[in-house]
Amino acid sequence: MASVKSLTATVHQRLADALSATLPEAPPADPLLRRSDRADYQANGILALAKKAKANPRDLATQVVGNVVSGDLIKDIEVSGPGFLNITLTDKAIVENLAARAADPDARLGVPLSAHPGTTVIDYAQPNVAKEMHVGHLRSAVIGDAVVQLLEFTGENVVRRHHIGDWGTQFGMLIQYLDEHPHELDHKASPADTEASGEEAMSNLDRLYKTARKLFDSDEEFKTRARLRVVDLQAGDPATLAAWQKFVDESKIYFFSVFEKLDMEIRDADIVGESGYNDMLDETCRILEEKGVAVRSEGALCVFFDDIKGPEGNPVPLIVRKSDGGYGYAATDLSAIRDRVFSLKANNLVYVVDARQSLHFKMVFETARRAGWLNDEDVKAYQLAFGTVLGKDGKPFKTREGETVRLVDLLDEAVDRATTVVREKDTLGQLSDAEVAERGAQVGIGAVKYADLSTSANRDYKFDLDQMVSLNGDTSVYLQYAYARIQSILRKAGEVRPSAHPELELHEAERALALHVDAFAETVADAATEYAPHKMTAYLYQLASLFTTFYDKCPVIKPAPPKDIAENRLFLSDVTAKTLHQGMALLGIRTPERL
């Protein structure tokens, strides 16, 4: 079954047809339709069209009105100001459209599948092997996962990639240190408790890394031995590779436990770290040099850019291969682009990476364009750059000791705070301890995700748990309680069931809620196309707010309205709940039935 067309899309099409009928010789024009306070919609496109046609805009607007096919859809259309159109829909059309949406067996709520889906590779959630995940890893994971869900819902073919840090000098350092201190990784966690053992193993690895780094920086002889071990690793020495593999396997167990806490699906096949491109590095350099994209400079293979210079005005190159023959991040990233474009057949490459790496990716993407691997038509690359997580003081989020905050600690605290809120809200003691714990996790993790996603990705945001788990304001808890409240209303309605009644006249608050529900399809499309989950959070917050206004002004159960009005209001409540549930799911956030 094809998705139900939104009212907005239908009105847009009727106006576009009327514009074409009025000026058949002119190219197709956009009516520039938007929601309005004066009517249901306002169309502003006639002004620009009149200017091109050298016509009087009010006269042209009047002609357009005469060519609009109203039918059962448009109740009133009037010319306003210099040539705007104010459009009011019939109550019947609004309710019938929502009824068709609610009856869709595919449960897509009016969101169409893309007519021409492409393939998008999303590079996100990039932890480092042998290092604990910290608050800085939160944004890449949460933003990336939401963009994956949004794109997949629109029908895009999405390939997930987790480009973990699993190669380089630090592994020679780690392996050599462990060789010389063989008991440093002993840990006593019970193998049955995978999460606990994963976290303890990672704490040990992280401690080992810091100790090895300190020795590497202070002991020249150890540094030499560590670098020789890197050579062994790159050469494929079996004992060195086995030790490296152990680090990777231990780290993956930990990664999976953290992502499970975040309520995110991470599949092993999607983890392709830096090591996954080793076999391509030499060929990548050869191709770049043969094409003249990269040149040798002081023994290194470099790419230069006219517009990128250092503080003294000297060119800052992208170093693809170092003077000692080693490869840096650039060679790996460029090889990954080759793999994603030519093997995975990607049309779009999206990198959910810290804004502080913007210069690196600008240089990498430009290099790939010069090599012919990217272009602005068929294959595009985009860095979805995100800002920094700040503490309440507005400074980068740290512990009291000045250490980076561990991600697991932050998530555990969020769940603890949320569990307290859930328990306090359950004044009648209807939830069991297990149910309180389950909802506490859903509310706590949802609160962390929503706070991150409700901020435009490129902006910094303050991590304030008190605000995040608040029942008031723009929080996921407010939305989760709105959803649970609707479920409670539906349960308490007894024998009166949701049923659409297009013949009824709608209250102002009913119209406002229904028309906002109608905007779900356009919101999903905008959020997916622009890789902007914050557009979905803004939509959902307004949806919950409009439902609160509707419920306050339009009795659903008490005082009991006539049966047909009650059924219609329950129907509006139900379709609002379905929209809230689906919208939150696209953000990776659960909506409990009871809270």
Side-chain angles (χ1 to χ4, degrees), residues 121-134 136-137 140-141 144 159-179 184-185 198-199 201-213 216 226-259 264 266-282 284 321-322 326-340 343-344 351-354 357 360-361 364 404 407:
V121 175
I122 301 188
D123 188 327
Y124 69 109
Q126 309 107 344
N128 293 308
V129 165
K131 290 185 186 176
E132 288 180 291
M133 292 175 70
H134 54 76
H137 291 113
S140 177
V159 180
R160 311 169 190 207
R161 278 292 175 264
H162 310 297
H163 191 87
I164 63 172
D166 67 349
W167 203 248
T169 304
Q170 68 266 35
F171 291 98
M173 176 187 82
L174 273 169
I175 294 164
Q176 186 61 34
Y177 184 84
L178 192 59
D179 229 19
E184 284 279 336
L185 269 187
E199 287 180 20
M202 203 58 182
S203 291
N204 280 331
L205 270 179
D206 196 73
R207 178 175 46 76
L208 178 75
Y209 175 85
K210 288 171 182 172
T211 308
R213 166 59 69 181
F216 184 86
R227 283 184 167 157
L228 288 172
R229 187 53 72 101
V230 177
V231 175
D232 291 341
L233 179 63
Q234 291 175 337
D237 171 63
T240 304
L241 270 179
W244 170 80
Q245 191 64 54
K246 185 182 178 186
F247 287 140
V248 173
D249 293 343
E250 287 267 21
S251 298
K252 278 188 179 181
I253 291 170
Y254 162 78
F255 296 155
F256 287 128
S257 75
V258 176
F259 289 125
M264 279 174 52
I266 299 289
R267 301 177 298 222
D268 193 57
D270 300 332
I271 300 175
V272 183
E274 294 166 1
S275 63
Y277 305 101
N278 282 343
D279 294 344
M280 299 177 69
L281 301 180
D282 189 51
T284 295
R321 188 173 57 221
K322 302 171 191 173
Y327 300 100
Y329 293 125
T332 305
D333 287 334
L334 287 163
S335 297
I337 287 176
R338 284 178 55 217
D339 178 63
R340 293 165 185 185
S343 298
L344 301 177
Y351 291 75
V352 189
V353 184
D354 193 312
Q357 296 188 44
H360 169 77
F361 279 100
V364 166
T404 305
L407 186 52

Starting at CE of Met280, measure out to CG of Leu334 and round the result to the nearest 0.5 Å. 10.0 Å
Any His162 side-chain heavy atom under 4.5 Å of Tyr124 side chain: yes
Within a strict 4.5 Å, meaning less than it, do heavy atoms of the Glu274 and Ile164 side chains meet? no
Any idea which heavy atoms bring Leu281 and Ser335 closest together, and the distance? CD2-OG, 3.5 Å
Begin with the C-alpha distance, continue with both residues' side-chain angles, and end with the deciding distance and a verdict on side-chain contact (heavy atoms from CB on, under 4.5 Å) for Asp333 and Phe361. CA-CA 9 Å; Asp333 287 334; Phe361 279 100; 4.3 Å; yes
Tyr351 vs Ile337 side-chain heavy atoms within contact, under 4.5 Å: yes
In terms of heavy-atom contacts, Phe255 and Pro127 come closest through CE2-CB, 3.5 Å
Are Tyr329 and His163, when compared by the centres of their aromatic rings, separated by less than 6.0 Å? no
Rounding to 0.5 Å, atoms CG (Leu174) and NZ (Lys246) come to a distance of 12.0 Å
side-chain contact (heavy atoms from CB on, under 4.5 Å) between Phe216 and Thr169: does it pass, once the steps are laid out? CA-CA 11 Å; Phe216 184 86; Thr169 304; 4.0 Å; yes
Which pair of heavy atoms, one from Lys131 and one from Tyr254, lies closest together, and at what distance? O-CE2, 4.2 Å
Atom OG1 in Thr240, atom CG in Leu228: separation rounded to 0.5 Å? 11.0 Å
Rounded to the nearest 0.5 angstrom, the CD1-NZ distance for Ile266 and Lys252 is 12.0 Å
Rounding to 0.5 Å, atoms CH2 (Trp244) and OG (Ser275) come to a distance of 4.0 Å
Are any of the side-chain heavy atoms of Thr332 and Trp167 separated by less than 4.5 Å? no
Under a 4.5 Å cut-off applied to non-hydrogen side-chain atoms, are Val352 and Asp123 in contact? no
Might you work through the side-chain contact (heavy atoms from CB on, under 4.5 Å) test for Arg213 and Tyr209, ending with a clear yes or no? CA-CA 6 Å; Arg213 166 59 69 181; Tyr209 175 85; 3.8 Å; yes
Are any of the side-chain heavy atoms of Arg161 and Leu344 separated by less than 4.5 Å? yes
Mind running side-chain contact (heavy atoms from CB on, under 4.5 Å) on Val159 and Ile122 for me, showing each step along the way? CA-CA 6 Å; Val159 180; Ile122 301 188; over 6 Å; no
Check Asp179 against Arg229 and note the closest heavy-atom contact, atom names and distance. OD2-NH2, 2.7 Å
Between Ser140 and Ala125, what is the shortest heavy-atom contact and its length? OG-N, 2.9 Å
Which heavy-atom pair separates Glu132 from His137 by the least distance, and what is that distance? O-CE1, 4.2 Å
Between CG on residue Leu205 and CD on residue Glu250, distance to nearest 0.5 Å: 6.0 Å
Is the closest side-chain heavy-atom distance between Asp166 and Phe247 below 4.5 Å? no
With a 4.5 Å heavy-atom cut-off, do Asp268 and Phe256 have their side chains touching? yes
